[in-house]
Enquirer: 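Take a look at this one; I'll ask things after.
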2 protein chains.
Amino acid sequence: MTLISTPADVLLTPRRQRTRDRLLDAAYEVFAEQGVHASTVEEVCERAGFTRGAFYSNFTTKEELFAALMERQHSLQLAALALKVDRLRPRLEAVTGPIDEAGLGDLMLDFFTGPLDDRTWCLIDHEFRLMSLRDPEVAGAFAAHEEAFETSLLAIVGRALDLAGRRFVLPDGVAVRLLGDLYQDMLQRAIRAGRSLHEAPEARDTMVRLVLVLTRPVAAPDGGPARRTDLHPAATDVPVRADATC
Amino acid sequence: MTLISTPADVLLTPRRQRTRDRLLDAAYEVFAEQGVHASTVEEVCERAGFTRGAFYSNFTTKEELFAALMERQHSLQLAALALKVDRLRPRLEAVTGPIDEAGLGDLMLDFFTGPLDDRTWCLIDHEFRLMSLRDPEVAGAFAAHEEAFETSLLAIVGRALDLAGRRFVLPDGVAVRLLGDLYQDMLQRAIRAGRSLHEAPEARDTMVRLVLVLTRPVAAPDGGPARRTDLHPAATDVPVRADATC
DNA sequence: TGTATCCGATACATCAACGTATTCGATAGA
DNA sequence: TCTATCGAATACGTTGATGTATCGGATACA
């Protein structure tokens with residue numbers, strides 16, 4: 001499978017761009033519902049409101065469509081994560097109270113939650129992972145995105161932990177992976193059970209407990225007890241630590 | 001998809017049983033290589049040394065073949081795990097020295113390692129998980145096996161930990177899941193990198209570190225230090241860290 | 001308003017996998 | 001040894017997805 005992208009989505013007439021986008025939207029749904037292999041070009045086109053003619057004048061194969069789709073979704077995911085960081089920064093920097101564990105759990109779940117519907121994304125991502133186990137080229141694309149995502153994630157998780165006065169007791173990469181693995185695990189269980197992960201309050205608790213187990217309080221520079229920060233503005237006034245973890 | 005098994009593999013003439021087995025063996029390979037959907041009944045038969053006629057007189061659909069395959073593999077997996085328990089019991093009960101961390105890591109990796117080739121099994125299992133996210137019936141079969149496996153695993157891991165004088169700091173089910181998730185994660189990375197997980201020494205170390213983080217020493221009943229057991233009879237007497245967790 | 005170009009629709013030829021109906025051969029039992 | 005039955009092979013019809021070659025209409029520009 002070729003996962004090399006078309007040079008850019010630029011240089012396309014608006015009409016063409018719109019057609020491509022609608023095909024990608026449809027592919028996102030159809031691929032998630034039926035799996036890439038079981039999906040047919042015809043059904044994607046139908047869903048998008050086109051015939052196969054439109055498809056073949058925009059893509060050459062179903063695999064190329066899938067590659068374009070993954071690139072788009074990965075970009076969206078990274079953009080969404082960056083947006084979270086921006087939105088979170090003032091909140092993180094403003095608060096000074098003790099850490100609120102429920103808030104930390106929500107935060108962690110939020111970090112791993114994608115910009116789109118969880119279930120749909122999980123299905124597509126799972127299939128992408130599967131392909132990456134068979135095809136070295138896909139493995140490369142997978143690893144590239146995984147690394148980009150992990151880097152971004154590490155930055156924001158690190159900042160949150162820092163403000164919470166905690167530090168990972170395992171290498172950062174390993175710890176973040178474990179959190180991600182737990183998220184995936186819980187998400188898949190929820191999907192199998194036909195529920196949404198965010199309806200399950202125990203998911204947040206489990207996430208918090210893992211965060212606590214994977215971290216330890218950072219000793220304050222003056223030798224006193226570690227400072228604690230609240231992620232919820234309504235807390236007490238114990239000050240925030242200033243140094244960065246990770 | 002129907003995952004209800006044929007009542008039993010009993011009541012089959014030896015000839016029939018043999019062709020079924022050969023078809024299942026072939027399916028195991030072909031499905032892993034190409035994915036279930038991309039695989040064709042013809043190719044499975046070819047690989048097994050039969051024509052499609054043999055297939056259709058033993059199975060009705062490719063899905064039924066897959067269901068039978070998963071049942072067989074799950075049985076093998078559970079049997080292999082039980083065998084490990086039996087093999088390990090005398091070793092676990094005989095030793096009294098301090099726990100050897102490297103041995104613990106090997107043990108944990110061994111627990112999660114299936115009876116067959118890691119890579120092949122990982123591919124099949126991954127696809128089975130994917131199906132379980134779409135089809136409630138598959139989800140049921142998946143959950144059933146997962147529960148059986150987790151129960152067996154918990155028993156043996158619990159015993160090993162007990163002899164090591166340690167106890168999970170999270171609910172057992174969650175802790176075992178985390179270990180499994182980490183194993184899966186590392187295995188998939190190894191496959192993508194084209195290596196075997198067991199060539200990677202850091203995998204063992206990472207596993208040990210997670211075990212240590214997820215557990216704490218159990219205080220001995222008499223108030224003395226926790227009982228320490230060595231899983232390697234020939235190991236040294238270097239004591240174990242007692243303060244691994246948060 | 002006329003015309004050229006772009007892009008999606010249509011129609012068709014091809015192919016691969018499927019499932020069934022039937023045949024053929026081997027094996028077991030009389 | 002003969003025969004009946006079981007199980008795999010063979011052959012054929014059907015279906016559905018694919019890709020291409022061509023057509024038609026909308027849009028932009030003179």
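Residue numbering restarts at 1 for every chain, and letters A, B, ... go by the order of the sequence lines.
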Enquirer: Check ring pair (Phe, Tyr, Trp, His ring centres under 6.0 Å) between A:Phe31 and all other residues, then give those that pass, not counting sequence neighbours.
Expert: A:Phe66
Enquirer: At a heavy-atom distance below 4.0 Å, what parts of residues 32-49 of chain B sit against DNA chain C?
Expert: B:Thr40, B:Val41, B:Glu42
Enquirer: Not counting sequence neighbours, which residues clear side chain to side chain donor-acceptor pair (under 3.5 Å) with A:Asp185? List them please.
Expert: A:Arg189
Enquirer: Under the side chain to side chain contact (heavy atoms under 4.5 Å, CB included) test against B:Leu24, which residue among B:Leu69, B:Thr19, B:Val44 passes?
Expert: B:Leu69
Enquirer: Whether the side chain of B:Glu127 engages the backbone of B:Val36 through a donor-acceptor N/O pair (distance < 3.5 Å, no angle test) should be reported.
Expert: yes
Enquirer: Look only at the side chain of B:Asp125 and the backbone of B:Trp121, and say whether a donor-acceptor pair between them is shorter than 3.5 Å.
Expert: no
Enquirer: Sugar-phosphate atoms are those with a prime plus P, OP1 and OP2; base atoms are the rest. Using that split, label each nucleotide of nucleotides 23-30 of chain C B, S or - for protein heavy atoms under 4.0 Å, 5' to 3'.
Expert: --------
Enquirer: Which of the following nucleotides, D:dA8, C:dC18, D:dT18, is nearest to the side chain of B:Lys62?
Expert: C:dC18
Enquirer: From the options D:dG7, D:dA9, C:dG8, select the nucleotide whose nearest atom is closest to the side chain of B:Ser57.
Expert: D:dG7
Enquirer: Looking at D:dA9, D:dT18, C:dA9, which one has an atom nearest to any side-chain atom of A:Thr51?
Expert: C:dA9
Enquirer: Which atom pairs link the protein and nucleotides 11-14 of chain D when you take only N or O atoms and keep those under 3.5 Å?
Expert:
none

Enquirer: I'd like to know if the side chain of B:Lys62 and the backbone of B:Ser39 have a donor-acceptor N/O pair within less than 3.5 Å.
Expert: yes
Enquirer: List the residues meeting side chain to side chain donor-acceptor pair (under 3.5 Å) with A:Ser132, not counting sequence neighbours, and say none if there are none.
Expert: B:Arg192
